[in-house]
Every structure is written in structure tokens, then in C-alpha cells.
Amino acid sequence: MSGVTLVRPWLSLELEREMQVLSWAINQPGFVTARRIVWREVRNADLPKERDVAAWLAQELEAQKMQDAVAFLTSRDVSRFTDQSAKAGRSLMDPDNPAMAAILRAHPHRVALTRLGRVEVFQMIGGPDTGGTSPEGPHTHVLPKLLRAGRTHSANAPIPEGWVPCAGYHPESPVSGRLGEDKAFNRAAFYRFQEMLQAWGSQEYLSAKSLCWAALEREREPGSITEPATRIGRAGLRNGLRQWRCLQGDCALLDRWSAAFDASTLPAETDDENPGH
């Protein structure tokens, strides 16, 4: 059996046998064969600017008689390690796989390698340790419903068939700040985004919004139009009603339209993949 030994600042993992290891380790990078993997906890004082880190690490390993090990440096508290095992081929999302719970408890740094670039997130993971809310700034989510469906994005995102979203761009919101807090309606930001939306937005979305605005201008009742048949069309109608309220204010006619078409709690129209903030 593999064994884990903790003697701070060292954490050592002894493998059952020599195995191939692929890593970015300083002392043995790339594909190597090893029997032992170690982590050396470091602080700023351990790594002054003038220090040759590779040479220093080699000396540290020699002092511990661990020159054969694949060695990593970490600023994490190595005493907080968790010892978990998983069968090869078992999904990380398997409810019986303890790995995900261990990840949530340990809040490790997450690194994603993509064709667009390398993304590193050092934030805590939203959950019990953060009061059930996501931390401010960059953070990560695991969305089981999205993964179970085999989709690359929420069904509410109007991504063309066969395309895969790789990055998101968020223009200034006219109604909320960077952290999602409410703010006074910003007409300038709203109209700036309308120009972008007209150039790049879904025609179904734009048509539905234009339809409801035209009907409201003529003081028509909600029964004068047919609700769009598509999800994106219904989103355009709902957002059109909300934007009309911001632009024109409250009125009884608008309340009737909202009651007919903007029941935002309908399960079929809520985004069950949105983790919430």
C-alpha cells in the first residue's frame, strides 16, 4: 500500500512500486519513473530573491536522503493534507467518490489548461467555509446538472449549435455593480449595450423584445401577442418588460404584462445551472 508521511515542512508519499509520473517538478520535470513524491512547505523567508531555488532544493533533498523523489514546493500548510483513494476510471462526480468532498475541505488551487491559456484560481471554494456564498473575485464552480447533461454551457446561453464557449465578456450592467449589488439604473450603460446587442444579439431575442415594446407603446393588453415558442424568445420578452419598467416606470398595464409573461419562478425558465452568488 502507498504510505503518506508528514514531518513538517515535508510531506512524503511512498508509492507501492515505481510508477511513471508526469509533473512540473523543479528537480525531475516531465515524464519520469519514481517511487516517492514529496512536497516541501516554504515561506517567503525560505526563498529570498537571490536564492538559486533549484540548487537549494537539491541540498534540502540530499539532507533528507530523498534525492530520488519527485519534489514540489508549496506555500500551503502540508499538515492539512487529506488521504483519499479512488478506483481508476471512477468519475470525480460519483457521489461515492470521496475526492470531491476532500477538495471542498482543502480548498486547493485550481489550474485549468485550455487552448486559450492557463487559468489559475487561488480563491476558496464556495461552501460551508464561505458561509454558503461564492467568494468575491475569480472563483470556480462544479455544476453537476450541466456535466450530467453533457453540455458545455447553460441552455439559457444563446450559443449557436456546434459552437463551444471558451471565454465570456461582460459589458457594464445598467442595474448591478461588479459584485452583483443593485445600483441605480444607468441609462448610458443600457444604451451602449443596446448597440452591441443589435449588432450581435439573437434575432429571436431582439424580435420578442421589440414586439412587447411596440405593444406597450400602443397600450395593448398582454393577450394581443402570442408568447414566443423558444427559450431565448421568452427571455427577450421577459427582459424587455423589465427594461421597460426601468425606462418608463411602473403602471397597471405593465403589471398585467409582467403577470402574464414574467413569472420568473417558473421551473422551466429558471437557470438550474446557475450556482448563485
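Computed from a predicted model, the values in this text were never measured in an experiment.
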Test: [X] and [Y] ion pair at under 4.0 Å:
{"X": "Glu227", "Y": "Arg234", "result": "no"}
{"X": "Glu204", "Y": "Lys209", "result": "no"}
{"X": "Arg40", "Y": "Asp46", "result": "yes"}

Taking the side chain as every heavy atom from C-beta outward, state whether [X] and [Y] have any pair of such atoms under 4.5 Å apart.
{"X": "Ser176", "Y": "Glu181", "result": "no"}
{"X": "Thr5", "Y": "Trp10", "result": "no"}
{"X": "Leu61", "Y": "Gln59", "result": "no"}
{"X": "Leu216", "Y": "Leu254", "result": "yes"}
{"X": "Trp56", "Y": "Leu47", "result": "yes"}
{"X": "Leu11", "Y": "Val4", "result": "yes"}
{"X": "Glu41", "Y": "Asp77", "result": "yes"}
{"X": "Trp244", "Y": "Glu217", "result": "yes"}

In Å and rounded to the nearest 0.5 Å, what is the [atom1] to [atom2] distance from [X] to [Y]?
{"X": "Asp262", "Y": "Cys212", "atom1": "CG", "atom2": "SG", "answer": "10.0 Å"}
{"X": "Leu197", "Y": "Phe190", "atom1": "CG", "atom2": "CZ", "answer": "9.0 Å"}
{"X": "Met19", "Y": "Arg35", "atom1": "CE", "atom2": "CZ", "answer": "10.5 Å"}
{"X": "Leu237", "Y": "Ser258", "atom1": "CG", "atom2": "OG", "answer": "9.5 Å"}
{"X": "Arg178", "Y": "Ser173", "atom1": "CZ", "atom2": "OG", "answer": "12.5 Å"}
{"X": "Gln198", "Y": "Ser210", "atom1": "CD", "atom2": "OG", "answer": "6.5 Å"}

Would you name the heavy atoms of [X] and [Y] that are closest together and state the gap between them?
{"X": "Pro228", "Y": "Ala208", "result": "CG-CB, 3.9 Å"}
{"X": "Val70", "Y": "Gln28", "result": "N-NE2, 4.1 Å"}
{"X": "Ser202", "Y": "Ile232", "result": "OG-CG1, 3.9 Å"}
{"X": "Ala71", "Y": "Asn27", "result": "N-OD1, 3.0 Å"}
{"X": "Met124", "Y": "Pro135", "result": "O-CG, 3.3 Å"}
{"X": "Val121", "Y": "His139", "result": "CG1-CA, 3.8 Å"}

- Query: Is it true that a side-chain atom of Arg218 and a backbone atom of Ala214 form a donor plus acceptor pair closer than 3.5 Å?
  - Reply: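 Flag set: sc Arg218 to bb Ala214 pair under 3.5 Å.
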- Message: Quick one: does any side-chain atom of Arg187 pair with a main-chain N or O of Pro174 as donor and acceptor, under 3.5 Å?
- Response: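 Looks like no, no N/O pair under 3.5 Å.
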Report yes or no: do [X] and [Y] belong to one cluster of Ile/Leu/Val/Met/Phe/Trp/Tyr joined by side chain heavy-atom distances under 4.5 Å?
{"X": "Met196", "Y": "Phe185", "value": "no"}
{"X": "Tyr169", "Y": "Val175", "value": "no"}
{"X": "Phe72", "Y": "Ile26", "value": "no"}
{"X": "Val32", "Y": "Ile37", "value": "yes"}
{"X": "Leu6", "Y": "Val42", "value": "no"}

- Which is it for Leu15 and Arg36 under the side-chain contact (heavy atoms from CB on, under 4.5 Å) test, yes or no, and what are the steps along the way? CA-CA 6 Å; Leu15 302 173; Arg36 181 163 46 178; over 6 Å; no
- Task: Mind running side-chain contact (heavy atoms from CB on, under 4.5 Å) on Leu253 and Arg220 for me, showing each step along the way?
- Result: CA-CA 8 Å; Leu253 176 61; Arg220 301 274 179 83; over 6 Å; no
- Message: Between Leu73 and Leu57, does the side-chain contact (heavy atoms from CB on, under 4.5 Å) criterion hold? Intermediate values first, please.
- Response: CA-CA 9 Å; Leu73 300 179; Leu57 178 59; 3.8 Å; yes
- Message: Please evaluate residues Val38 and Glu60 with respect to the criterion side-chain contact (heavy atoms from CB on, under 4.5 Å), reporting the C-alpha separation (whole Å), side-chain torsions for both, the decisive distance (0.1 Å), and the verdict.
- Response: CA-CA 12 Å; Val38 300; Glu60 291 284 299; over 6 Å; no
- Message: For Phe122 and His109, take the angle between the two ring planes, folded into 0 to 90°, and tell me which bin it lands in: parallel under 30, tilted 30 to 60, perpendicular over 60.
- Response: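 It falls in the tilted class, 30° to 60°.
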- Item | Geometric class of the Phe261/Trp257 ring pair [parallel <30°, tilted 30-60°, perpendicular >60°] |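 Plane angle between 30° and 60°, so tilted.
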Over 12 non-hydrogen atoms of neighbours within 6.0 angstrom of [atom1] in [X]:
{"X": "Arg51", "atom1": "CZ", "value": "yes"}
{"X": "Glu120", "atom1": "CD", "value": "yes"}
{"X": "Arg43", "atom1": "CZ", "value": "yes"}
{"X": "Glu136", "atom1": "CD", "value": "no"}

